[in-house]
Amino acid sequence: MTVFQYRCSRCGRTYGRDEVRYLCPECGRDYAPGMPLRGVLEAEFDYALIARSFDRSRPDWDLFSAVEREHYPAFPVGGTPFAPAPRLCERLGWANLWVKNDGQNPSGSLKDRASFLVVAEAARLGEKTVVAASTGNAASSLAAVCAAAGRRAVIFVPQSAPQAKLVQMLLCGARVIRIKGSYDDAFRLSLEYTRRRGGLNRNTAYHPLTIEGKKTVGLEIFAQNGMRVPEAILVPVGDGVIISGVFKAFRDLRAAGLCERLPRLVAVQAESSAAIHDYIVSGSFRPAYSPTTVADSISVSVPSNPDLARRAVLESGGFSLTVGDERILEAQSLLAREAGIFAEPAAAAAAAALLADEARERLDRDGQVVLLVTGHGLKDVRTPLSRLTIPEPIPADIEALPPETEEA
Ligand SMILES: *Cc1c(COP(=O)(O)O)cnc(C)c1O
Ligand SMILES: [Zn+2]
């Protein structure tokens, strides 16, 4: 059985799981579109109960889940590879780099973890429709999970969403509403939609179980790492929910007595979309003026969850940094050539941090550093294509083969 309550991350009030749905009713009153969410809720478990029930030799991770297994969609998510990247280490001069490849989720991004849990919650509540605003991945993920679970997905995306992501949602039968505007506009419209027409809203951090869903990647890293805490985890950050989820995982584990310390969390943002980085560094929040980056999945002007993201970084002893588009593309190529991993630009941003002076100076290069790869490269082939040359075709004749090149 699942035992938890919601606690407001702002005022600390607590609520029963069926007493509230989205934001803290007190703090959320002050929320208006165009500002970060106010009163984001966090699930607080009975950690003493988990500590008593958890058996390290037969771990039951359901103890950390906010929705009971009987409501889970028939759509397994997670269980993605976690492996060392020796050639990347050699190439970059780090001793112990690991990759958690969440691009291997069924819809190709880490978002599946959040969609899965919110759709499970929709099943528990008997809600037929699930609504979301998204830069693309949350939407294609929600469309896929809803298709498997026999629910309706209603999706708001900015018109700039990459084609492959649009194809995913449409093919899965979602109702797709493209907005002549930004992700921030889509976010606002989707909230208005659920307010007027109902359905369960899956917007990131607005529905508290998005954080809980994303938490599972942190639990998995811990489990796959032999129940050890890595030195640091590099996380690409847009709205700041993935990093809050990873933080929550290790805080839950610590509260249940399963680990003693937290991994240092490093928030990586794109230079033009760095509202959370600026907030972490300066302590005062300002929107990103004009988020234009090749890393579409982390392009946001007003992130929904800056407070929890900031706390994740500061309380874990981590830090934040920004990377430019050129460096993101360089890292995308490096990940592919040195680890065989094709990551979408936003996901490659974590690897781009390895090239930045801040990370090289502030992280222990002998410690275990985990790159969280959040999305698959096939979601956007146009961006890397601009730096590649597709070879001209040759006659189907061995004599026509061009001379060998030096590259290994
Ligand atoms: C959503 C997303 C992110 C950022 O996650 P936030 O919770 O918005 O910070 C990073 N990478 C990919 C591929 C994503 O889809
Ligand atoms: Zn509150």
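We count ligands from 1, going down the list as the structure has it; atoms in each ligand are counted the same way.
For R91, the CZ atom is loosely surrounded, since the number of other residues' heavy atoms within 6.0 Å does not exceed 12. Taking a 6.0 Å sphere around CD of E260, one finds it holds 12 or fewer heavy atoms contributed by other residues, nucleotides or ligands.
A salt bridge links R113 with D102: the closest approach of a Lys/Arg side-chain nitrogen to an acidic carboxylate oxygen falls below 4.0 angstrom. A salt bridge between R21 and E121 is absent, with no side-chain N of the basic residue lying under 4.0 Å from a carboxylate O of the acidic one. Salt-bridge check for E212 with K248: passed, with a basic side-chain N closer than 4.0 Å to an acidic carboxylate O.
For the pairing with P345, the side-chain contact (heavy atoms from CB on, under 4.5 Å) check across I298, V294, D325 returns one residue only, V294.
The residues lining ligand 1, counting any heavy atom closer than 4.0 Å, are K111, N137, K214, P236, V237, G238, D239, G240, V241, I242, S297, I298, E344, A346, T374, G375.
The shortest non-hydrogen separation linking S115 to R202 is OG-NE, 3.1 Å.
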Below 3.5 Å, can you tabulate the donor-acceptor pairs from side chains in residues 152-161 to any protein atom, sequence neighbours excluded?
from: R152; atom 1: NE; to: T129; atom 2: OG1; distance (Å): 3.3
from: R152; atom 1: NH2; to: Y193; atom 2: OH; distance (Å): 3.4

Which donor-acceptor pairs under 3.5 Å do the side chains of residues 350-359 make with protein atoms, sequence neighbours left out?
none

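Around the Zn ion (ligand 2), protein N, O or S atoms at less than 2.8 Å number 4.
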